[in-house]
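Chain letters run A, B, ... following the sequence lines, proteins first, then strands; residues in each count from 1.
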2 protein chains.
Amino acid sequence: MSLAHALLTSLLEQPSSGYQLARRFDKSIGHFWRATHQQIYRELGRMEKAGWIRSEPDPDAGRGRKRSYSVLPAGEAELMRWAGESAPLTELCDEFLVRLRADAVIGPLGLGPELERRRALHADKLRAYHAIEARDFPPGAEGSRQRRIHHLILKAGIQYEAGWIAWYDEALAALALDGPGEGKPQARCADRGR
Amino acid sequence: MSLAHALLTSLLEQPSSGYQLARRFDKSIGHFWRATHQQIYRELGRMEKAGWIRSEPDPDAGRGRKRSYSVLPAGEAELMRWAGESAPLTELCDEFLVRLRADAVIGPLGLGPELERRRALHADKLRAYHAIEARDFPPGAEGSRQRRIHHLILKAGIQYEAGWIAWYDEALAALALDGPGEGKPQARCADRGR
DNA sequence: TGCTCCATGTAACACGTTACATGATTGC
DNA sequence: GCAATCATGTAACGTGTTACATGGAGCA
């Protein structure tokens with residue numbers, strides 16, 4: 001149940017509506033913690049029931065049924081309590097590695113293009129992170145503790161993407177040893193028969 | 001639903017009972033895909049109903065009610081079909097980064113010890129992976145395509161752990177700038193009042 | 001009028017986790 | 001006999017995903 005705590009953090013930074021939170025999650029926290037709007041609404045409901053947050057029916061304009069949520073002292077206390085807890089490591093868990101292993105067992109399946117595609121996607125993300133870094137954390141500026149932490153979090157993303165890119169390069173090189181036949185899975189499948 | 005496919009791969013490598021699969025998942029595939037025995041039994045039931053695998057009631061000895069599962073042609077076909085699919089990237093999703101961000105918002109919470117603890121855990125895993133690498137993939141040996149792929153998968157784990165270790169070192173250095181007061185969360189909490 | 005975006009929600013389902021239950025075999 | 005381990009399962013729950021529904025606001 002740490003989506004609740006991610007939301008608390010986000011609401012402390014700035015009180016918002018559920019919709020805004022969902023959109024904001026696409027940036028900042030969303031880089032390392034995904035949530036759909038349904039999850040967020042469900043969680044906001046629970047948090048309000050628990051007394052961690054409260055909602056005002058309509059803060060600025062009279063349009064729609066927009067609600068703005070803000071954190072109550074109990075919510076801040078809960079966040080503080082939770083942040084001090086120790087949590088298990090997030091383990092590496094990647095579906096593509098299962099596919100690779102399957103490929104090892106039942107002959108070459110022509111994963112080359114998918115490998116390239118994934119490498120390109122990681123490269124896109126890395127570029128995006130670097131752009132954010134250049135804009136928000138220019139070299140030379142020291143920054144407050146808060147900014148240093150935000151920078152650290154961004155660096156985790158950079159490190160993660162760069163690591164995958166390096167690995168995909170290695171994988172492409174290692175699988176290229178199979179030669180051009182790697183692109184024709186059907187032939188190999190027929191070979192195995194069964 | 002890719003636990004099913006991980007199990008198919010594992011069963012193709014060697015037909016086993018559910019219990020053996022659960023244990024085997026602690027090694028090999030388990031390094032990047034976790035599953036409890038309950039999940040595995042549930043999934044094996046579904047897969048048998050789908051005609052992907054079959055079970056023999058008692059293969060070797062007459063002990064217990066052990067069942068041995070093996071992959072049927074339909075299961076192999078399904079695995080091949082699935083392996084060729086393209087899947088979205090696994091995104092970075094780490095609870096601790098949420099805690100860090102919370103720490104940035106509501107003052108220093110003394111995350112230093114937890115940071116050290118997590119770095120040490122990653123270092124343990126890295127050491128374990130390196131030991132496996134030294135044992136199973138000695139330098140100089142070329143190996144078959146299958147072995148190269150297994151090595152690649154292991155390298156993904158190594159890369160992942162090494163990346164986190166580097167990041168934690170950076171995080172420890174960046175947060176050490178706060179000085180020794182970082183170890184006393186209570187004082188800072190009181191400061192904020194509210 | 002119809003289209004798109006803003007904003008909130010329900011319902012059903014898939015997946016993973018935790019707790020608990022059961023019985024068989026092995027070793028002291 | 002008793003404990004530990006092997007081996008399989010049920011039940012309940014928490015979280016995440018997908019599909020669908022609703023209605024207001026702004027604009028062509």
Side-chain angles (χ1 to χ4, degrees), chain A residues 1-8 10-11 15-26 29-30 32-50 53 55-69 82 87-95 98, chain B residues 1-8 10-11 15-26 29-30 32-50 53 55-69 82 87-95 98:
Chain A
M1 220 226 253
S2 79
L3 171 58
H5 300 93
L7 291 175
L8 282 175
S10 210
L11 285 178
S16 328
S17 68
Y19 188 83
Q20 283 175 308
L21 278 172
R23 288 257 310 278
R24 210 133 47 92
F25 256 51
D26 290 347
I29 287 186
F32 55 89
W33 199 271
R34 289 277 158 204
T36 62
H37 74 276
Q38 291 84 348
Q39 257 179 288
I40 289 174
Y41 285 126
R42 188 205 278 165
E43 205 61 35
L44 285 174
R46 284 182 201 160
M47 288 159 72
E48 188 165 18
K49 205 178 291 176
I53 59 177
S55 64
E56 292 155 312
D58 208 9
D60 51 314
R63 20 125 71 168
R65 37 188 174 151
K66 193 168 164 179
R67 303 187 69 78
S68 182
Y69 292 89
W82 172 82
L89 302 186
T90 307
E91 315 231 3
L92 174 59
C93 174
D94 192 305
E95 205 177 302
V98 179
Chain B
M1 222 227 250
S2 80
L3 171 58
H5 301 93
L7 292 175
L8 281 175
S10 210
L11 286 178
S16 329
S17 71
Y19 188 83
Q20 284 175 307
L21 278 172
R23 288 259 310 279
R24 214 136 41 95
F25 255 51
D26 291 346
I29 286 186
F32 54 90
W33 201 272
R34 288 277 157 206
T36 62
H37 74 277
Q38 291 83 348
Q39 255 181 289
I40 288 174
Y41 284 126
R42 188 205 280 167
E43 206 62 35
L44 284 174
R46 284 182 200 161
M47 288 159 72
E48 189 166 16
K49 206 178 290 176
I53 57 177
S55 65
E56 291 154 315
D58 209 10
D60 51 310
R63 21 130 62 172
R65 39 187 173 154
K66 193 169 166 180
R67 304 188 68 77
S68 182
Y69 291 90
W82 172 83
L89 302 186
T90 308
E91 316 231 4
L92 174 60
C93 175
D94 193 303
E95 206 177 303
V98 179

Scan nucleotides 18-20 of chain D against the protein and return all N/O pairs shorter than 3.5 Å with their distances rounded to 0.1 Å.
unit_1	atom_1	unit_2	atom_2	d
dA19(D)	N6	Gln38(A)	NE2	3.1

Item to check | For Gln39(A), side chain to side chain donor-acceptor pair (under 3.5 Å) partners two or more places apart | outcome: none
Checklist entry - Could you give the NE2-to-P distance, from His5(B) to dC15(C), as a whole number of Å? => result 10 Å
Item to check | Note, Phe32(B) side chain near Leu92(A) side chain (heavy atom, < 4.5 Å) | outcome: yes
Checklist entry - Which residues satisfy the salt bridge (Lys or Arg N to Asp or Glu O under 4.0 Å) test with Glu48(A), sequence neighbours excluded? => result none
Next on the checklist: Can you tell me which nucleotide in dG16(D), dG9(D), dT17(C) comes closest to the side chain of Gln39(B)?
Outcome noted: dT17(C)
Item to check | Atom-pair distance (CZ on Arg67(A); C1' on dG24(D)), nearest Å | outcome: 16 Å
Checklist entry - Quick one: side chain to side chain contact (heavy atoms under 4.5 Å, CB included) partners of Glu91(B), sequence neighbours excluded? => result Arg34(A), Lys125(A)
Next on the checklist: Check whether Ser17(B) reaches the backbone of Gln20(B) with its side chain - one donor and one acceptor, N or O, closer than 3.5 Å.
Outcome noted: yes
Checklist entry - Rounded to whole angstroms, how far apart are CD on Glu95(A) and C1' on dG16(C)? => result 15 Å
Checklist entry - What pairs with Ala87(B) under side chain to side chain contact (heavy atoms under 4.5 Å, CB included), at least two apart in sequence or on another chain? => result Glu95(A), Arg99(A), Arg118(A)
Checklist entry - Please give, in whole Å, the distance from dT17(C) C1' to Leu3(B) CG? => result 14 Å
Checklist entry - Quick one: is Arg34(B) getting a side-chain N or O under 4.0 Å of the dT17(C) phosphate, OP1 or OP2? => result no
Next on the checklist: Expressed as a whole number of angstroms, how long is the span from Ile40(A):CD1 to dT17(D):P?
Outcome noted: 11 Å
Item to check | Gln20(B) CD - dT8(D) C1' separation (whole Å) | outcome: 13 Å
Item to check | Heavy-atom donor-acceptor pair, Arg42(A) side-chain to dT17(D) base, under 3.5 Å | outcome: yes
Checklist entry - Hey, is the side chain of Tyr41(A) poking within less than 4.0 Å of OP1 or OP2 on dT8(C), counting only N and O atoms? => result yes
Next on the checklist: How many whole angstroms separate atom CG of Leu44(B) from atom C1' of dC15(C)?
Outcome noted: 16 Å
Checklist entry - Which of these nucleotides, dT8(D), dT15(D), dG16(C), is closest to any side-chain atom of Trp33(B)? => result dG16(C)
Item to check | Stepwise side chain to side chain contact (heavy atoms under 4.5 Å, CB included) check, Gln38(B) with Arg42(B) | outcome: CA-CA 6 Å; Gln38(B) 291 83 348; Arg42(B) 188 205 280 167; over 6 Å; no
Checklist entry - dT8(C) phosphate, OP1 or OP2: any side-chain N/O from Arg23(A) under 4.0 angstrom? => result no
Checklist entry - In whole angstroms, how far is the C1' atom of dG9(C) from the OH atom of Tyr69(A)? => result 10 Å
